[in-house]
Amino acid sequence: MIHFSYYDNSYTTFYPKFAHAISTKFENNRIVFPEHLGNGFMEMISLGDNIHASVSNYILNDDIKFCRKKNPEAFFIVHFEEIKSNKDFMIKLDGEMLRAKGHTITTAMLSCSMFDLCYILPAHTSRRSINVILTKDWVKKYMDMGIDDDDICNTYFGLKVLHLNQEPLNTEYRTHFNQVFDTPDKKPMRELHIRNAIMMLVELFFRRLHKNTKAIKDSPLRTMNTSDLHKLMDVETILVNDFSKAPPTIVSLAAYTKMSVSKLKSSFKKVYGSGIYEYYQKNRMQKAKAMLTSNGFTVKEVGLQLGYTNLSNFSLAFKKEFGLLPSQI
């Protein structure tokens, strides 16, 4: 197992240290994983104002343990995670452990430098993540959270106690999250596109955080147990994994999650804001829009790749979602 501990308040110092720890180089703001550790990369993206993001996309060949030790210098970290493993993996945050085996964890999460955070990931775990370190002053300036000068820890702890420091990735998050990973390396102004997508994620997180804080009693996450939430994340991942074929039936999804059909439908809608098939179709159309605007596909190619044998049906579905035909994008 690779064990890496750190307490850095900037990815500009974290990246060289981590590259050294795994016996590779930090070049062009990127770490490419050596074969013994995994297949993939980590990339540092500048967001301006001395703020940086860390973008990770890899599959592990060895066990790894990341431990961010508490730092007396207060700052926030916003995490957007998609982690999947058939083995037991663990995220330990502020003394609480999230364990998951055979599940896909897809979450937007806020942590604070005043507490330890550990990821213990076994070999064959796949991870796509976007992490952004934000100073207290930056959050106060841009996100209007009403944080007092010495109150960042209490603010975070209050959100955590109310289960408002994290939530599953929904369609809005998915749109910007996928844009970061789907933008080709050779796309003109690639880093600008990625930077904008990350900033949209951060803005969305704090906007939803503010909204949820105003409606604490209505948050479905307050009463939902962890096991059911993980099952819903699995269903969400299944729905957005492959648009080239029809989604599974609700009956089969209910059997997979060991929930009743009615419980699955009502729980999914509470957490993700729409019905199961509506969610599938909305994300399908977001994928179509991303392909048309970012990757140079024709309307026909997009329709076929998203499972449409009749392109007229694809055009009608696209117009219903965006008010424009795909040929007008």
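Worth knowing before you read on, the calculation uses all heavy atoms, side chains too, and leaves out hydrogens, waters and symmetry mates.
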* With sequence neighbours left out, what residues match D8 under side-chain contact (heavy atoms from CB on, under 4.5 Å)? -> Y6, T13, F14, K17
* To do: Decide yes or no for N61 and F33: does some side-chain heavy atom of the first lie under 4.5 Å from some side-chain heavy atom of the second?
  => no
* State, with a plain yes or no, whether a side-chain heavy atom of L292 is found less than 4.5 Å away from one of V299. => yes
* Asked: For H20, does the NE2 atom sit with more than 12 other heavy atoms under 6.0 Å from it, leaving out its own atoms?
  -> no
* Trace of the side chain to side chain contact (heavy atoms under 4.5 Å, CB included) decision for Y173 with L201 -> CA-CA 6 Å; Y173 283 125; L201 280 170; 3.8 Å; yes
* Any side-chain heavy-atom pair of L232 and L264 under 4.5 Å -> yes
* Asked: In Å, rounded to the nearest 0.5 Å, how long is the span from CE of M109 to CG of L169?
  -> 11.0 Å
* Asked: Going hydrophobic residue to hydrophobic residue with side-chain gaps under 4.5 angstrom, can you get from I91 over to F66?
  -> yes
* To do: Please collect all salt bridge (charged side-chain N to carboxylate O under 4.0 Å, His left out) contacts where either partner lies in residues 102-111, sequence neighbours excluded, each pair once.
  => none
* To do: Would you mind reporting whether N29 and M44 have side-chain heavy atoms less than 4.5 Å apart?
  => yes
* Asked: Which heavy-atom pair separates L60 from P122 by the least distance, and what is that distance?
  -> CD1-O, 3.8 Å
* Asked: Do the non-hydrogen side-chain atoms of Y279 and V240 ever get within less than 4.5 Å of each other?
  -> yes
* For residues I83 and Y119, report the shortest heavy-atom separation together with the two atoms involved. => CD1-CE2, 4.0 Å
* salt bridge (charged side-chain N to carboxylate O under 4.0 Å, His left out) partners of residues 310-323, not counting sequence neighbours, each pair once -> K282-E321
* Output yes when a side-chain donor or acceptor of S5 lies under 3.5 Å from a complementary backbone atom of K69, and no otherwise. => no
* Is there a donor-acceptor pair closer than 3.5 Å between any side-chain N or O of D49 and the backbone N or O of I51? -> no
* In the single-linkage hydrophobic clustering (I, L, V, M, F, W, Y; side-chain heavy atoms under 4.5 Å), do Y256 and M233 co-cluster? -> yes
* Structure fact -> P168 and Y272 have their tightest heavy-atom pair at CB-OH, 3.5 Å
* Any donor-acceptor pair under 3.5 Å linking the side chain of K231 with the backbone of T257? -> yes
Considering only distance and modelled atom types, tabulate donor-acceptor pairs under 3.5 Å from the side chains of residues 303-311, sequence neighbours left out.
unit_1, atom_1, unit_2, atom_2, d
Y308, OH, Q281, NE2, 2.9
Y308, OH, R284, NH1, 3.1
N310, OD1, S312, N, 2.8
N310, OD1, N313, N, 3.4

* To do: Using the rule that two of Ile, Leu, Val, Met, Phe, Trp, Tyr join whenever any of their side-chain heavy atoms come within less than 4.5 Å, decide whether F41 and F177 are in one cluster.
  => no
* Does a side chain donor of either N283 or T171 reach within less than 3.5 Å of an acceptor in the other side chain? -> yes
* Asked: Measuring from F115:CZ to I77:CD1, what's the distance to the nearest 0.5 Å?
  -> 11.5 Å
* Between R208 and N170, is a side chain to side chain contact (heavy atoms under 4.5 Å, CB included) present by the stated rule, with each step listed? -> CA-CA 11 Å; R208 288 179 61 86; N170 61 12; 3.3 Å; yes
* Structure fact -> Value for CZ (F268) from CD (E278), rounded to nearest 0.5 Å, stands at 10.0 Å
* Asked: Is the number of heavy atoms from other residues, nucleotides or ligands within 6.0 Å of NE2 (H124) greater than 12?
  -> no
* **Distance-minimising heavy-atom pair for K25 and A19** => C-CB, 3.9 Å
* To do: Take N196 and Q179, measure what side chain to side chain contact (heavy atoms under 4.5 Å, CB included) needs, and give me the verdict at the end.
  => CA-CA 10 Å; N196 289 342; Q179 183 181 341; 5.6 Å; no
* Structure fact -> Smallest heavy-atom separation, T249 atom then S252 atom, equals O-OG, 2.8 Å
* Whether N71 side chain and Y7 backbone form a donor-acceptor pair below 3.5 Å -> yes
* Return yes when atom CG of N39 has more than 12 non-hydrogen atoms of other residues, nucleotides or ligands closer than 6.0 Å, and no otherwise. => no
* Asked: What's the spacing between D63 CG and F89 CZ if we round to 0.5 Å?
  -> 13.5 Å
* Is the number of heavy atoms from other residues, nucleotides or ligands under 6.0 Å of M189 CE greater than 12? -> no
* Asked: Looking at side-chain heavy atoms only, is the closest gap between I198 and F80 below 4.5 Å?
  -> no
* Residue pair M199, E203: steps toward the side chain to side chain contact (heavy atoms under 4.5 Å, CB included) verdict -> CA-CA 6 Å; M199 291 304 297; E203 180 183 347; over 6 Å; no
* Are L134 and F206 close enough that some pair of their side-chain heavy atoms sits under 4.5 Å apart? -> yes
* Asked: Do the non-hydrogen side-chain atoms of S54 and M42 ever get within less than 4.5 Å of each other?
  -> yes
* Would you kindly confirm whether I238 and I250 end up in one hydrophobic cluster when ILVMFWY residues are joined by side chain heavy atoms under 4.5 Å apart? => yes
* Please answer: with hydrophobic residues joined when any side-chain heavy atoms are less than 4.5 Å apart, are I31 and F4 in the same cluster? => yes
* To do: Determine which pairs satisfy salt bridge (charged side-chain N to carboxylate O under 4.0 Å, His left out) with at least one residue from residues 30-40, sequence neighbours left out, and list them in order.
  => R30-E43, R30-D185
* Structure fact -> Rounded to the nearest 0.5 angstrom, the CD1-CG distance for I64 and D62 is 8.0 Å
* Asked: Does anything in residues 79-91 pair up under salt bridge (charged side-chain N to carboxylate O under 4.0 Å, His left out), and if so which pairs, sequence neighbours excluded?
  -> E81-R127, E82-R128, E82-R174, D88-R99
* **Straight-line distance of F205 CZ to E172 CD, nearest 0.5 Å** => 13.5 Å
* Does one side chain, of S111 or H79, offer a donor that lies under 3.5 Å from an acceptor on the other? -> yes
* Verify, without hydrogens or angle tests, whether R195 (side chain) and I45 (backbone) share a donor-acceptor contact under 3.5 angstrom. => no
* Do you know the tightest heavy-atom contact between V32 and T24? -> O-OG1, 3.4 Å
